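Keep in mind that the numbers below use all heavy atoms, side chains included, and drop hydrogens, waters and symmetry copies. Both counts, for ligands and for their atoms, begin at 1 and track the order of listing. Model, not experiment: these values are computed from the prediction.
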Amino acid sequence: MDYKTTKDSDLAYFKSFLTESNILTDKTTLEGYGKDHTEDLFFEPSLVLIPQLTQDVSKIMAYCHLHCIPVTPRGAGTGLSGGCLPVKKGIVLSLEKFNKILKIDPSNYQAIVEPGVINEHFQNEVQLQNMFYPPDPASKGSCTLGGNVAHSSGGPRCVKYGTTRDYILNLEVVLPTGEIIQTGANVLKNSTGYNLTQLMVGSEGTLGIITKITIKLLPFPAYNTLLLAAFDSALDACKCVPAILNAGIIPSALEFMDKRGVELSTKAHQITFDTEQGNAYLLIEVDAFTNENLMPQCEKIYEVLEKHNVKNILLAEDTATKEKFWKIRRSIGEVVKKLSIYKEEDTVVTRANLPELYDYISYLSNTYGFDCICYGHAGDGNLHVNILKLKMSDDQWNIELPKAIRLLFEKCKELGGTISGEHGIGLVQKPYLDVVFQPIHFQLMQGIKRTFDPHGILNPDKIFNM
Ligand code: 2HG
Ligand code: ZN
C-alpha cells in the first residue's frame, strides 16, 4: 500500500470540525499514544484525533480513505498484542471521549454504551440495577468496552459466562470508507443474513470503528464463595480442572497460578501470604442467587480437590480475604513484566488437555533454557505463559526463542487449541498465525478485509498482511 503522511492541508481539514483540544500534535503527547501494554513496542503516530461524534468519525474515515492515510483506532491502550499501535504512522483515532453509558434497560436486560466506557465502571453501574455484565479482564479498571469488543476479551469468569463476544447484540460501526452502519439489531435472536456483529467482534479494529455497542446483561448472582487450593504439583492442579467440571460444577472462576507468580505478586503488593504452601494454586469461585446454593457446590469441589492430592485449601471467609486472593491473581501479569524483558503467550487448548500443555511448556523451557511464569484461566484451558529473558543472551532470545514459541503453538494446535485465547494477534503474534491457518484462511480473511477497507487504511498490518 502506498500510504500518505499527514500534511498541513489534512490538519486544516480536521480543524474544520474538531476543536483544537481534540487534535494532538505535540511530540511528547504523540509519544504516549505510540505505546500500549505490549512488551516494549513503540510506534509514534503523526497525529492523534479525539472525535466525540459518530459523524466526525465518519468524516475522518471518508477523508483518510480518499487520501490513503492510515488510521489506527485506540481505546485505553491496555492491549497485549500491539493492536492499537500505529505501525504505519498516520493517525491514531482515540475513542477516549466516547465514554457515555447511553442507556441501561432492565426490562430488556440490555444496555447501550459508547466504546470508551471503562469496563469496571460499566459493571458497577449495571449492578446498581441488579444486573450483571460478566466479562472482566485483568485490566478491568482501565480497559474500555470498545477495546474489549475489538479483542473479544475474556477474564476469569469465561468458564461459566463466556467472553465479550457472548454479550454483544449489535454495533454501530463507521466503515473505513466513512459509511455508518448498524451491524444487526438489538435482539437476542437474529437469523437475518451474515452475522456482521460477530465478524466485527474480535476483528481488532481492522474492519471498522465501533461507535456504539448494544450489550446483553444477566441477572446479578449476589452470592459467591472463593477457595484457594494449594498443590505440590502443578500437574495435579491442572488435572483437577476438568474433574471439577465433570463433578457437575461450573465455577464462576477457575484460575491457575504457579508458585513464582504468587511469590512475585504477594511481594510486590506486600500481601501477607505463606507462599510455601504449594508449587501451584487453583483459585476457585462459585456463585449463586441464594446463599444456600453455595455450600453444596463447595462440598463437591472439596471432594474433587482431595482426590487430586490437594495440600491445603483456604476458604476466603470475608470480603477482605476474597479481595486479597483476587489481587494476588490479577496482579501477576503486571508484576511479571517488571522483572525482565519478556514475551507473553496466551495459549489455549481444550480444558482436559491442560496437563499435557503444562508438561510440554516444562519440556520446552528445559530444552531451550528459558524461564517462564504460568498463570491464567485454567477453566478455559487458557494459560498465559510469560517467558522471561533474565540472563538469556540476545542471540538465544532473538533466534532460539521464536523456535520454541512456534513449537509451543504447534502443540496448542495438536491439543485442539490455538495461539491466542483472549489477547489477540495484533502485531506480536502475526508471525505465528500460519501455525493454525492454511493459505485458504488467509485468502478468506484478506478478501473480507479488502471488502471493508479497499485501501487498507484501517489499522494496517495487524493480524495478517493485506
Ligand atoms: C490476565 O489474565 C491477563 O491476568 C493478562 O489476561 C494480564 O499479562 C497481563 O497483563
Ligand atoms: Zn487473562
Side-chain angles (χ1 to χ4, degrees), residues 35-41 75-85 119-120 134-144 147-165 202 204 241 251-258 260-266 268-269 271 280-285 323 325-349 351 354 357 361 372-389 405 412 417-429:
K35 303 174 197 148
D36 67 356
H37 287 192
T38 315
E39 294 140 33
D40 54 354
L41 304 177
T78 56
L80 296 164
S81 53
C84 69
L85 301 178
N119 176 304
E120 190 169 35
D136 63 339
S139 55
K140 65 179 178 176
S142 51
C143 65
T144 62
N148 294 171
V149 174
H151 287 281
S152 191
S153 302
R157 293 182 184 136
C158 300
V159 58
K160 181 165 181 179
Y161 292 105
T163 68
T164 305
R165 182 179 296 290
E204 304 192 27
V241 170
S252 48
L254 182 39
E255 299 281 299
F256 174 88
M257 303 181 274
D258 69 14
R260 299 246 329 268
V262 172
E263 279 172 348
L264 285 169
S265 177
T266 48
H269 295 284
I271 297 172
Y281 297 82
L282 289 181
L283 184 62
I284 310 164
E285 185 193 78
E323 280 171 5
F325 290 171
W326 273 119
K327 175 116 187 152
I328 296 173
R329 164 61 191 93
R330 286 187 184 279
S331 310
I332 297 178
E334 155 214 328
V335 296
V336 165
K337 292 177 173 105
K338 295 193 179 129
L339 209 63
S340 154
I341 292 177
Y342 68 93
K343 176 89 179 73
E344 180 172 44
E345 306 308 339
D346 176 34
T347 58
V348 58
V349 296
R351 182 192 296 137
L354 200 59
L357 175 65
I361 293 167
C372 67
I373 293 181
C374 295
Y375 61 99
H377 317 291
D380 309 331
N382 183 194
L383 200 62
H384 301 316
V385 188
N386 247 302
I387 304 172
L388 306 173
K389 181 166 187 288
I405 294 173
C412 290
T418 190
I419 71 172
S420 174
E422 56 176 23
H423 296 168
I425 299 304
L427 190 61
V428 291
Q429 306 300 16

Next item on the list: Apply side chain to side chain contact (heavy atoms under 4.5 Å, CB included) to the pair Ile387 and Glu345, showing each step before the final yes or no.
Entry: CA-CA 8 Å; Ile387 304 172; Glu345 306 308 339; 4.2 Å; yes

Checklist line | Backbone or side-chain N/O/S of Asp346 under 2.8 Å of the Zn ion (ligand 2) | finding: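 No, since none of the N, O or S atoms of Asp346 sits under 2.8 Å from the Zn ion (ligand 2).
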
Output yes when a side-chain donor or acceptor of [X] lies under 3.5 Å from a complementary backbone atom of [Y], and no otherwise.
{"X": "Thr164", "Y": "Ser153", "answer": "yes"}
{"X": "Thr266", "Y": "Glu263", "answer": "yes"}
{"X": "Asp380", "Y": "Val159", "answer": "yes"}
{"X": "Ser340", "Y": "Leu388", "answer": "no"}
{"X": "Thr38", "Y": "Gly79", "answer": "yes"}

For [X], the ligand 1 atoms whose distance to one of its heavy atoms is below 4.0 Å:
{"X": "Ala138", "value": "1 (C), 3 (C), 4 (O)"}
{"X": "His377", "value": "2 (O)"}
{"X": "His423", "value": "3 (C), 5 (C), 6 (O)"}

Note to self: What do you get for the angle at the Zn ion (ligand 2) between NE2 on His384 and NE2 on His377, to the nearest 10 degrees?
What the structure shows: 100°

Next item on the list: Give the single entry among Arg329, Glu255, Arg330 that approaches atom 1 (C) of ligand 1 most closely by any heavy atom.
Entry: Arg329

Tell me the protein heavy atom at minimum distance from [atom], and give that distance in Å.
{"atom": "atom 7 (C) of ligand 1", "value": "Leu80 CD1, 3.9 Å"}
{"atom": "atom 8 (O) of ligand 1", "value": "Glu344 OE2, 2.6 Å"}
{"atom": "atom 9 (C) of ligand 1", "value": "Lys337 NZ, 3.0 Å"}

Next item on the list: Using distance alone, decide if ligand 1 has a nitrogen or oxygen within less than 3.5 Å of any nitrogen or oxygen in Asn386.
Entry: no

Margin query: Pairs of nitrogen or oxygen atoms closer than 3.5 Å, one from Glu334 and one from ligand 1: do any exist?
Written below: no

Notebook entry, point to check: Does ligand 1 have an atom that lies less than 4.0 angstrom from a heavy atom of His37?
Noted result: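 Checking ligand 1 against His37, which is what was asked, there is no heavy-atom contact under 4.0 Å.
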
Check: Using 30° and 60° as the class limits, which term best fits the ring planes of His384 and His423: parallel, tilted or perpendicular?
Finding: parallel

Next item on the list: Could you tell me the separation between the CG atom of Asp346 and the NE2 atom of His377, rounded to the nearest 0.5 Å?
Entry: 7.5 Å

Margin query: Working to the nearest 0.5 angstrom, can you tell me the gap between His151 NE2 and Ile425 CD1?
Written below: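 The distance works out to 10.0 Å.
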
Next item on the list: Please name the atom of Glu422, restricted to N, O or S, that is closest to the Zn ion (ligand 2).
Entry: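 Per the distance ranking, Glu422 contributes OE2 as its closest N/O/S atom to the Zn ion (ligand 2).
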
